[in-house]
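A short worksheet on the structure shown next.
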There are 2 protein chains.
Amino acid sequence: MNHPAENPAVTRHSERLGELIEERIVTGVYPPGTRLDEQELADTFGVSRTPVREALIQLASVGLIEIKPRRGATVPEVGADRVCEMFEVMAELEAMCGRLAARRITPSEQVALQEAHRACEAARDANTPDIYYQLNEVFHQRIYEASHNGFLVEQTSALHRRLRPYRRLQLRVRNRMNSSFNEHQAIVDAIIKGDSELATALLRAHVTVQGERFADLVATLRDFKAGS
Amino acid sequence: MNHPAENPAVTRHSERLGELIEERIVTGVYPPGTRLDEQELADTFGVSRTPVREALIQLASVGLIEIKPRRGATVPEVGADRVCEMFEVMAELEAMCGRLAARRITPSEQVALQEAHRACEAARDANTPDIYYQLNEVFHQRIYEASHNGFLVEQTSALHRRLRPYRRLQLRVRNRMNSSFNEHQAIVDAIIKGDSELATALLRAHVTVQGERFADLVATLRDFKAGS
DNA sequence: AATCACCGTTGTGTATACAAGATAAGCAAA
DNA sequence: TTTGCTTATCTTGTATACACAACGGTGATT
């Protein structure tokens with residue numbers, strides 16, 4: 001058997017490169033404001049400038065970096081307000097997923113959703129926020145897919161990924177894991193019950209809270225800086 | 001105003017190229033299924049393969065074309081169902097714009113919105129669908145901007161552009177221009193009045209109709225083909 | 001006659017070379 | 001010392017050259 005499927009060795013390096021660079025951006029290796037020198041990246045990853053450029057263009061068109069003509073690529077200083085805007089849109093997209101999911105979810109998807117939910121419950125009981133965080137992503141993904149709108153799934157997943165680093169900040173927020181799980185419970189109930197309006201409202205609130213927590217965090221940090 | 005993004009004096013050809021190729025895709029010069037040969041495009045536009053590749057990658061990451069490793073770029077056969085999915089998301093995004101706009105629109109934006117609306121009215125009275133179509137875009141853009149969510153504006157505008165060719169098909173649909181204008185009127189009223197829920201509902205319906213018209217059109221075409 | 005293997009061609013993916021603009025340093029003049 | 005201009009250098013943007021995988025055709029074998 002030829003294994004083109006199992007082998008991630010995509011013949012185009014720029015794709016792999018894009019993921020690597022993206023990884024370094026969201027993990028803070030390349031913090032906002034960083035200038036991304038093409039030659040430097042090329043040396044780092046052991047390739048020539050060509051694939052690096054292609055990867056950068058790809059990242060730029062997704063909005064992860066900014067490329068100014070003749071002035072290179074930089075990791076944008078995502079203003080806190082910008083992130084809030086993104087959370088605002090995210091809330092609406094997730095709410096839409098929930099609305100459609102409540103109407104369209106199949107029996108097998110119901111099972112999958114409840115499985116994901118129970119997995120979250122286990123992580124909560126074990127008090128392992130990192131695990132919970134991971135399973136939380138699966139949970140939300142299940143809802144996306146239950147919307148039966150492939151385009152919506154793509155858009156929502158993309159934005160979810162892009163907001164990941166900011167959501168991550170909230171892991172330590174007091175009691176967030178617990179309240180998150182309770183919200184999940186209500187969301188699952190609404191979807192299973194087929195109450196699309198309720199699912200919409202609950203999911204919107206669920207995500208909006210995340211945005212607000214983020215805003216709180218930013219405000220706190222600013223005060224902290226100002227006070228020191 | 002310093003808007004380097006929309007400054008046409010961009011030294012990077014790939015951006016300009018991307019727009020040119022996009023233009024040819026949405027206008028049907030490169031119909032779905034077309035294989036986009038890099039060398040061929042390079043010759044066509046009088047540049048080398050490098051900028052062409054960069055433009056293609058950019059288009060691919062926005063979803064306008066598909067690139068398979070070692071197998072080149074093709075204009076995807078966007079299934080009708082896919083387009084319907086996109087309209088479904090579009091309806092929600094526009095609805096969100098309307099909801100926020102109703103709450104946040106400034107006096108000067110109110111004026112701009114009404115101006116755009118009256119311009120549409122003139123086009124309707126003159127019975128010039130092409131002009132109406134153009135002004136209709138301005139009208140919607142005004143609403144996007146009134147949402148005061150820059151990220152939302154970007155996302156919505158992008159999807160709007162991507163759906164343009166399919167919306168264009170509806171120009172000739174019977175009476176569409178007239179009913180569109182009437183819907184606009186109600187939308188403007190709701191936004192000015194500050195009734196965000198009403199604006200949401202009206203805009204969602206306004207766009208949903210477009211999606212349904214598109215579905216009707218596709219169905220008609222299919223029957224036509226089957227019957228011939 | 002049909003099938004499979006081998007080889008040539010075509011076109012993508014990458015590296016390198018070259019051109020041009022932008023930044024920054026150095027020098028001169030006020 | 002500061003300001004302005006010139007120039008040097010560095011980085012981006014583009015062209016070209018090369019490597020290699022995929023498709024197509026021809027020929028041999030069953």
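All heavy atoms count here, side chains included; hydrogens, waters and symmetry mates do not. Throughout, protein chains are lettered first and strands after them, A, B, ... in sequence-line order, and every chain is numbered starting at 1.
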Crowded around B:Q134 CD? As in, over 12 foreign heavy atoms under 6.0 Å?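 Counting other residues, nucleotides and ligands, CD of B:Q134 stays at 12 neighbours or fewer.
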Report, as yes or no, whether the 6.0 Å neighbourhood of atom CZ on A:R161 holds more than 12 heavy atoms from other residues, nucleotides or ligands.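 No, CZ of A:R161 has 12 or fewer neighbouring heavy atoms, counting only those of other groups under 6.0 Å.
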Less than 4.0 angstrom from a charged side-chain N to a carboxylate O is my criterion; do [X] and [Y] meet it?
X: B:R118; Y: B:E115; value: no
X: B:E88; Y: A:R103; value: no
X: B:R164; Y: B:E137; value: yes

Reading nucleotides 18-25 of chain D 5' to 3', which nucleotides get B (base under 4.0 Å from a protein heavy atom), which S (sugar-phosphate only), which -? --BS-S--
Can you tell me how far [atom2] of [N] sits from [atom1] of [X], to the nearest Å?
X: A:I57; N: C:dT14; atom1: CD1; atom2: P; result: 13 Å
X: A:L41; N: C:dA15; atom1: CG; atom2: P; result: 14 Å
X: A:R16; N: C:dT14; atom1: CZ; atom2: P; result: 13 Å
X: B:E38; N: D:dA17; atom1: CD; atom2: C1'; result: 15 Å
X: B:K68; N: C:dG13; atom1: NZ; atom2: C1'; result: 18 Å
X: B:R12; N: D:dT14; atom1: CZ; atom2: P; result: 8 Å
X: A:I65; N: D:dT12; atom1: CD1; atom2: P; result: 11 Å

Closer to the 5' end of DNA chain C via nearest nucleotide, is it A:G46 or B:D37?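 Its nucleotide being nearer the 5' end, the pick is B:D37.
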Among the nucleotides D:dT14, C:dT12, D:dG13, which one has an atom lying closest to any side-chain atom of B:R35?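 Nearest listed nucleotide: C:dT12.
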Minimum-distance nucleotide (side-chain atoms of B:E54 versus D:dT14, C:dT12, C:dT14):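 Looking only at heavy atoms from C-beta outward on B:E54, the closest nucleotide is D:dT14.
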Hey, can you tell me if A:H206 and A:H184 have their rings parallel, tilted or perpendicular (30° and 60° cut-offs)?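 Judged by the thresholds at 30° and 60°, the geometry between A:H206 and A:H184 is perpendicular.
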Between A:T50 and A:G72, which is nearer to the 5' end of DNA chain D once each is assigned its nearest nucleotide?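 In this pair, the answer is A:G72.
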Between A:Q141 and A:S157, does the side-chain hydrogen bond (donor to acceptor under 3.5 Å, both in side chains) criterion hold? Intermediate values first, please. CA-CA 7 Å; A:Q141 192 71 34; A:S157 301; 3.2 Å; yes
Side-chain donor or acceptor of B:R167 paired with backbone N/O of B:H160 under 3.5 Å: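 Judged by distance alone, yes, a pair lies under 3.5 Å.
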For [N], take OP1 and OP2 only and decide whether either is under 4.0 Å from a side-chain N or O of [X].
X: A:H13; N: C:dG13; result: no
X: A:S48; N: C:dA15; result: yes
X: A:R53; N: D:dT11; result: no

Measure all distances between protein nitrogen or oxygen atoms and nitrogen or oxygen atoms of nucleotides 6-8 of chain D, and list the pairs falling under 3.5 Å.
none

Between A:E94 and A:Y144, is there a side-chain donor-acceptor contact under 3.5 Å, judged purely by atom types and distance?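 There is such a pair between these side chains.
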